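Have a look at the structure below before the remarks.
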Amino acid sequence: MAVRPQTLLPLTTVSLYVLLAVADEAQHGYGIIKDVERRTHGLVSLEAGTLYAAIKRLQDEGLLRADASRRPKADDSRRRYYRLTPLGRAVLRAECDRLEDVLRTAREKRVIPATGRGSHGS
């Protein structure tokens with residue numbers, strides 16, 4: 001029986017940003033940490049223990065997999081690269097759709113402006 005992506009929602013903040021970090025290309029742990037830090041302007045700063053616990057959980061759920069083919073020849077052989085699975089991509093998409101619905105409701109309720117990014121944009 002196939003897992004429905006919606007049954008794995010909502011994602012934690014860490015899980016969401018890890019999946020986003022590997023959405024377009026495989027990344028190693030340090031690359032994921034830096035990507036999350038950059039995308040959140042430092043608001044989410046992952047420690048290695050937190051990251052690798054999340055990676056293990058995401059792998060156990062079938063959302064992420066190690067990608068040995070991604071490692072450059074000159075790269076450290078111990079470095080692991082991670083990639084979304086098809087289920088991981090479906091869950092990430094479902095979470096983004098869910099968050100879009102939350103934002104739509106917030107705009108309707110005038111919690112945030114109807115357009116633009118509000119006070120965190122610029």
Side-chain angles (χ1 to χ4, degrees):
M1 182 165 96
V3 175
R4 290 186 51 235
Q6 292 77 8
T7 63
L8 298 174
L9 302 182
L11 293 175
T12 65
T13 299
V14 170
S15 293
L16 173 61
Y17 279 112
V18 169
L19 294 179
L20 284 170
V22 300
D24 53 352
E25 67 178 332
Q27 293 266 9
H28 54 77
Y30 185 70
I32 293 170
I33 287 170
K34 292 317 234 176
D35 184 87
V36 170
E37 194 171 283
R38 182 179 54 79
R39 289 184 190 280
T40 65
H41 308 285
L43 292 175
V44 177
S45 181
L46 298 176
E47 298 292 330
T50 301
L51 172 65
Y52 288 106
I55 286 173
K56 180 177 180 350
R57 193 172 51 255
L58 292 166
Q59 286 181 303
D60 290 348
E61 292 173 341
L63 306 183
L64 207 59
R65 67 176 171 83
D67 185 3
S69 67
R70 170 61 172 84
R71 185 180 302 120
K73 290 186 186 344
D75 204 358
D76 186 334
S77 64
R78 295 169 296 179
R79 186 174 274 174
R80 300 273 184 266
Y81 283 78
Y82 301 95
R83 170 177 301 287
L84 283 178
T85 64
L87 177 60
R89 187 165 299 282
V91 168
L92 180 57
R93 175 65 187 261
E95 178 69 346
C96 290
D97 288 345
R98 185 187 74 79
L99 292 170
E100 200 166 71
D101 288 343
V102 170
L103 289 174
R104 187 175 12 265
T105 299
R107 287 185 184 100
E108 289 169 2
K109 298 283 190 175
R110 299 175 195 260
V111 173
I112 59 175
T115 58
R117 293 194 46 177
S119 63
H120 294 291
S122 305

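Computed over heavy atoms, backbone and side chain alike; hydrogens, waters and symmetry mates excluded. Throughout, residue positions are numbered sequentially from 1 according to the sequence presented. Here the structure is a predicted model, which is why all the values come from computation and not from measurement.
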**Message:** What's the separation between atom CG in Leu20 and atom SG in Cys96, rounded to the nearest 0.5 Å?
**Reply:** 5.5 Å
**Asked** Which atom names give the shortest non-hydrogen contact between Arg83 and Ala26, and what distance separates them?
**Response** NH2-CB, 3.7 Å
**Asked** Crowded around Arg110 CZ? As in, over 12 foreign heavy atoms under 6.0 Å?
**Response** no
**Message:** Assess the residue pair Asp101 and Arg104 against the criterion (salt bridge (charged side-chain N to carboxylate O under 4.0 Å, His left out)); give the C-alpha distance rounded to whole Å, side-chain angles, the decisive distance to 0.1 Å, and a yes or no.
**Reply:** CA-CA 5 Å; Asp101 288 343; Arg104 187 175 12 265; 2.3 Å; yes
**Item:** Side-chain heavy-atom pair Asp67, Tyr82 within 4.5 angstrom cut-off
**Value:** no
**Exercise: identify the closest heavy-atom pair between Leu92 and Ala23** = CD2-CB, 4.0 Å
**Request:** Could I get the full list of side chain to side chain donor-acceptor pair (under 3.5 Å) partners for Thr7, not counting sequence neighbours?
**Result:** none
**Message:** Please identify which of these residues, Leu63, Thr13, Ile32, meets the side chain to side chain contact (heavy atoms under 4.5 Å, CB included) condition with Val18.
**Reply:** Ile32
**Prompt:** Looking at residues at least two apart in the chain, or sitting in another chain, which of them share a side chain to side chain contact (heavy atoms under 4.5 Å, CB included) with Leu11?
**Reply:** Leu9, Ser15, Leu16, Leu19, Val91, Glu95
**Nearest non-hydrogen partners of Ala21 and Val36, listed with the distance** = CB-CG2, 4.5 Å
**Request:** For Arg39, enumerate each residue passing the side chain to side chain donor-acceptor pair (under 3.5 Å) test, keeping only those at least two apart in sequence or located in another chain.
**Result:** Asp35
**Prompt:** side chain to side chain donor-acceptor pair (under 3.5 Å) with Asp24: which residues, sequence neighbours excluded?
**Reply:** none
**Asked** Are any non-hydrogen side-chain atoms of Thr85 and Leu64 less than 4.5 angstrom apart?
**Response** no
**Asked** Between atom NZ of Lys34 and atom NE2 of His28, what is the distance when rounded to the nearest 0.5 Å?
**Response** 11.5 Å
**Asked** Just wondering, do Lys109 and Arg107 contact through their side chains at under 4.5 Å, heavy atoms?
**Response** no
Give the table of side-chain donor-acceptor pairs shorter than 3.5 Å for residues 49-61, with sequence neighbours excluded, one pair per line with atom names and distance.
| from | atom 1 | to | atom 2 | distance (Å) |
| --- | --- | --- | --- | --- |
| Lys56 | NZ | Asp60 | OD2 | 2.9 |

**Message:** According to side chain to side chain donor-acceptor pair (under 3.5 Å), who are the partners of Arg65, at least two apart in sequence or on a separate chain?
**Reply:** none
**Message:** In this structure, would Tyr30 and Tyr17 fall into the same cluster of hydrophobic residues linked by side-chain contacts under 4.5 Å?
**Reply:** no
**Asked** With a cut-off of 6.0 Å (strictly less than), are more than 12 heavy atoms of other residues, nucleotides or ligands near CZ of Arg98?
**Response** yes
**Item:** For the student: nearest non-hydrogen atoms of Gln6 and Ala94, plus distance
**Value:** NE2-CB, 4.2 Å
